[in-house]
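Taking it in order: structure first as structure tokens, then the write-up.
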Amino acid sequence: MLVVTAEIWPDGDESKSHEIGYIFASNEADIDGASAYEARILQNYSEHLSTAAIDRYVLAFRERSDGVWGLVAEILNSAGITAGHGINPIVAQQLQSALAENKKGNEDA
């Protein structure tokens with residue numbers, strides 16, 4: 001069984017971490033290097049993160065040689081969970097500017 005746990009570490013501090021989601025995947029069948037996985041995806045509701053609760057079961061089919069991240073991507077894809085619709089280009093530019101300022105501040109310190 002594959003277990004994937006997603007955590008948030010506020011300000012990079014592990015002592016403040018909290019789990020926000022999980023994937024549990026079990027290999028149910030193998031044929032010539034390909035596998036069928038039954039997976040459960042759980043995501044906790046978070047008002048702070050604006051995330052909805054998710055509890056879904058899916059089947060995912062992968063070549064074992066694709067590795068763990070190929071399997072995780074296929075499980076999420078099978079559940080219809082995608083990266084979203086992108087971000088407003090103006091907000092993206094503001095975030096890039098904030099990152100540059102943070103990096104500059106860290107170098108000056």
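- Residue E63 holds its CD atom at 9.0 Å from CG of D32, rounded to the nearest 0.5 Å.
- Between R62 and G70, the shortest heavy-atom contact is NE-O, 3.3 Å.
- At most 12 heavy atoms of other shown residues, nucleotides or ligands fall within 6.0 angstrom of atom CD in E101.
- Linking ILVMFWY residues whenever their side-chain heavy atoms come closer than 4.5 Å, directly or via other members, leaves V3 and V58 in distinct clusters.
- Both I23 and L2 belong to a common hydrophobic cluster when Ile, Leu, Val, Met, Phe, Trp and Tyr are linked at side-chain heavy-atom distances under 4.5 angstrom.
- In terms of heavy-atom proximity, S78 sits nearest to L59 at OG-O, 3.4 Å.
- The closest side-chain heavy-atom distance from E74 to D66 is not below 4.5 Å.
- A heavy-atom distance below 4.5 Å is not found between the side chains of V4 and V68.
- In plain terms, the two heavy atoms of I75 and A25 that are nearest each other are CD1-CB, 3.8 Å.
- The shortest heavy-atom contact between T51 and Y45 is O-CD1, 3.3 Å.
- Side-chain atoms of D11 never come within 3.5 Å of backbone atoms of D13 as a donor-acceptor pair (strictly under, hydrogens ignored).
- Going from atom CE of M1 over to atom CD of E38 covers 9.0 Å, rounded to the nearest 0.5 Å.
- H18 NE2 to N44 CG: the interatomic distance, rounded to the nearest 0.5 Å, is 8.5 Å.
- In the hydrophobic clustering of ILVMFWY residues, with side-chain heavy atoms under 4.5 Å counting as a link, V72 and Y37 come out together.
- The closest side-chain heavy-atom distance from R56 to I81 is below 4.5 Å.
- With a 6.0 Å radius and a threshold of 12 heavy atoms from other residues, nucleotides or ligands, I90 has its CD1 atom at or below the threshold.
- Nearest heavy atoms, Q43 versus A52: NE2-O, 2.6 Å.
- Of all heavy-atom pairs spanning L71 and A60, the tightest one is CD1-CB, 4.5 Å.
- Annotation: side chain of I20 is in contact with side chain of L49 (closest heavy-atom distance under 4.5 Å).
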